[in-house]
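Computed from heavy atoms alone, side chains included, the values below leave out hydrogens, waters and symmetry copies. Just so we're on the same page: letters track the sequence lines, and every chain starts at 1.
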Amino acid sequence: MAVPLSPPPPDPQFVLRGTQSAVNALHFCGGAEVHGCPLLFSGSQNGLVHIWSLQTRRAVATLDGHRGQSVTWLQMLPQSPQLLSQGRDLRLCLWDLAEGRNAVVDSICLESVGFCRSSVLAVGQARWTLAVPGKGIDEVQILEMPSKTSVCTLKPEADAKPGMPMCLGLWQAESSSRPFLLAGYEDGSIALWDVWERKVCSRISCHEEPVMGFDFDSQKARGVSGSAGKALTVWSLDGQQALQVCSTHQLTNPGISEVTIRPDHKILTTAGWDHRIRVFQWRTMKPLAVLAFHSASVHCVAFATNGLLAAGSKDQRISIWSLYQRM
Amino acid sequence: MDPAQSAVRLTVREAIHTLSSCKDIGLILSTLEFLKRYLGETKNPALPEEQEEFETVHYSAFLRCLVSKLSPVWLELSPDGQLEELWDSFFLKGPADQAFLVLMEAIESTAGPSFCLMKMAQLLANFLSQNRMAAIMEEQCRPQKKPGFPLLQQTLLNKVVGLPDHLGNRLQQDNLTLFFPQNYFRLLGEEVVRALQVIVDALRGGLDCSVSFVSQVLGKICIQGRQKEILDVLVPQLTALTQGSCLWQRVCWRLMEQIPDRAMEAVLTGLVVAAPGPEVLSRLLGNLVLKSKKAQFVMTRKLLFLQYQHTTSTLQSLLGYLAMDSQRRPLLIQALKELLETWGSSSAVRHAPLAQQHYLSAAILVCLAHLGEPELRDSQDELLGSMMAGVKCHLDSSLPTVRRLGMIVAEVLSSRIHREGPPLRFQYEDDKLSRELLALATPCTAGGSTLEAGGSSPAPAATEILEKTVDGEVESANSSVPQVRPQDSDSDLDSDDEFIPYDMSGDKELRSSKAPLYVRDCIEVLTSSEDMERWEAALRALEGLVCKSPEATQEVSVELAKVLLHLEERTCVSGFEGLRQRALVAVTVMDPARVAEYLTSQFYALNYSLRQRMDILDVLTLAAQELSRPGHLKRHAQQVSSGSGGLCLPAQAACQHDHTAGSGWRAVVEERIRSKTRRFSKGFPRRELANGPNEFNSVAGYFFFPLIQHFDRPLVTFDLLGDDQLVLGRLTHTLGALMYLAVNTTVAVSMGKALLEFVWALRFHVDIYVRRGLLSAVSSILLSVPAERLLGDLSEELLEARSWLADVAEKDVDQDCREQAVRALLLLERLKDRLLPISP
């Protein structure tokens, strides 16, 4: 038998159109599945959040709460039908979506005008911790929710000048209740903060360009980050809470806006400024596919719990892909 | 008269009488037994003086008598074979030379296949296998007193060496394998060693010996071209024997010195080839080159300058031999000077075959590897002079291999001779040839640098090699690490290996979408834009745009061609030459008549660089090829739709996507049909050949005639028949290609006529590349012009060309030229065959 030729790259399963603006954020509704099909939230440049039914492939609702300013981050709260949305209008809105409602129940004013996405971590029943970019240019603020009390502000030492935080990831080891924060900075470094002690445990410089996105696999204690440069970096966290660079992977074109690992930790995808979605095997970082569907920068990629992949692009389209699904 | 003599004579005469007349077996046997006493080796041998008398005077005569009696009937007299045994023993026990001569004489005089002949051949085989040859040779090496000895020795020599021929002639089909040359000369080699062993022993015992007979045997065998057989046996044995023994070495040197002059070349060539290395050669030959003029000539001139079939290892042992002794080193320097002189002579570069030039270069490099710095410094000026001349004429050559040889040798030479200044550096391909040659130049430290060579020169090179190998090891060690790692992680469970990667060939670098969308915009950007990104994008987009919009291109075709022809690489664009060329070709294809007219006129215009002129030729050829390809327009359309230009405009990307999706769909359906269809016979799937009129037909003239018209009119800056022969070579090749592409066109006949005249004018051009071009042009004429028209309109030219071709096929120095000429001749022959059935 001859070596089987690699199959041609797949086409998207379907494409969602109608945001009429560049798609900046995507989020699959985790728990509340409607008829076995998950809901998809998309946040776009024009400040709208669309809720898509993947069964009818239509938008079922539109949330307008950011006064026409771009929506940069969307996140469902765990175990409650509430959605967090972050916009460039310096507001973080909490939406109640239960039983078809769609109203802002609460909002937080942000003090940073950057593009940094926030991060949320559930710490108990109806209690969660929120990390948002802070007032100072290089600060990260930690809030206790829903009381909105400021827990602390994480400010790097004076001599380290990492620049703005670009992306945040709150994270908690399974064994302990100690929250940690991973933050990617403008100078290309990634720092691990111990939130309780308000100090940097470890900091590595992974990229030469600003870190644009990362994802962390707490099972394997490994993470991967992408930057405005031409490389992906895989790093790991050892028992002493020290970060180490494992490997870097060169890309053909520079610019990664988001990196996401699939919930089953098998594959990861990147959203590229080169209009392409790249898929890698997470364990080996073997490139698996380059999906060239979009005609403008891809801004965000998200995975559903069932493995479905969604990618949102500046070309106003959201493409849905089904790749390497375990049946 | 001595009583012993007369007694022996009487006995022998009686015995001969008895043998010739008597039928009584008892008497015959007793007579023979009695005579055998004279050969010794019996219980009561005869007196020594009687033995000597018998051996010197009567032995041959008696043997002849024995031979004459030989017949089946006579041997049958004693049924138990006793007589036969006795008969044999007379030949095997007595003086070997006489027995051998008698046997050979008898075999030659016996007619046809017969019992006697076979019997004697058997006996001779027996004789050979009992090491009697060694006996002959050692006998000849003893000091001789007998008169007439040289004559006998000569006869013996002829018989010994000519034995396979004689026996082969006589025995024909029944020849024994032992007498085949390939076996016999091996055996003779063994015998020579054995004889030399006896001689060495005798010398140890204080006896006087001469090895000249063995030398003559060796020489004669080598002259007959049997070096390989005998030296394959001799060299290893002598190598082992001379290892620790001075006496053996002396004998060996003597053996070589005694070889007659006329055989010297054959022996030395064989030895140099057979010797495993310079050490062995030095041990076997000693300072032969200093003692014998002939040997010196062979070693320093003939093997270096006149022969070039030897391998580089042969060269290495030859030159290594010269380098191994301080007395011989001047010869090496002399050889290097002469080699360089030849290397630097432009006539040699032009006329010597490639293989010889390669051989010469290798010899120079090996010389350099052996010579130390002080020696080189003594003759620095002379060497430098030859080198400079050589570099020039090598780089002038139109053959890439010659140029490369020049570069490699010059690099090594300059680094060795001219240490003060910066060494020469050339850019050449790092392939097998260059690596081999460069490896030759690294000084061999194994044993070559015994005396002066131990200077500073070999040391750095040696450490360099060492570093390289160390580096290599480190590299391999490094490379083995990543190989291990995935396996490790493989073993840490998980089985998502079945993730088969999709095709990622489309993952190219993204270009900014600043590319112009119209041909006119492209021209504007290329001529005036300061935005380098836009300029590059325009260059990349141009070919696609030209193919997509023929009408728009035709409006500006000549202007565009002019822009492209004068385009210079303003920024570092990867593949600039290719992009420019493809765009030019596309323009030419779209509007062949006008653009070709423009390009051909520019070819002979002033103020162009050679590069541009050659670009013109390339573009014309490629465009003609494109035009003459059947269905080229369709192909173009496809190419554009699949967006192969590496261009990714949004619209095009989408269309590209659709295209691939479409073909994927088709493939799936076809695969399904194939799997569901039963076929009764399976042949090769037939591919439909695209067909259509040759579009080159109408425009071939524009391409061809302007190019061929002006070649003999030199300009101030451009002289095809003078210095710019490289362009002339390209021109001939281009004309040949155009001719070939003009197959099936109406203009082919007149093109062929013009081209034949062109070829005729240039047929004795000195440059090999030009001649190759001419020969390929002739071949393409023969292929393109219809046979009837060839014989009708061009018959005279063809006859002339034919005699020229025959001449080239026989005498040209270049292998390629000869082959091409033969090919053209074969085409001519085929032409004749095709026409013959029609003509009678």
Contact check, side chains of Tyr502(B) and Leu323(A), non-hydrogen atoms, under 4.5 Å: yes
Check: Lys286(A) and Pro501(B) side chains under 4.5 Å, non-hydrogen atoms: yes
Residue pair Ser6(A) / Met504(B), side-chain heavy-atom distance below 4.5 Å: no
Whether over 12 other heavy atoms sit under 6.0 Å from Glu524(B) CD: no
Neighbour count >12 (heavy atoms, 6.0 Å) for atom NZ, Lys314(A): no
Heavy-atom neighbours of Glu569(B) CD exceed 12 at 6.0 Å: yes
Enclosure of Phe14(A) CZ (heavy-atom neighbours >12, cutoff 6.0 Å): yes
Taking every non-hydrogen atom, the tightest pair across Ile500(B) and Pro7(A): CG2-CD, 4.3 Å
Residues, nucleotides or ligands: over 12 heavy atoms within 6.0 Å of Arg611(B) CZ: yes
Smallest separation among heavy atoms of Phe499(B) and Leu288(A), with atom names: O-CD2, 3.7 Å
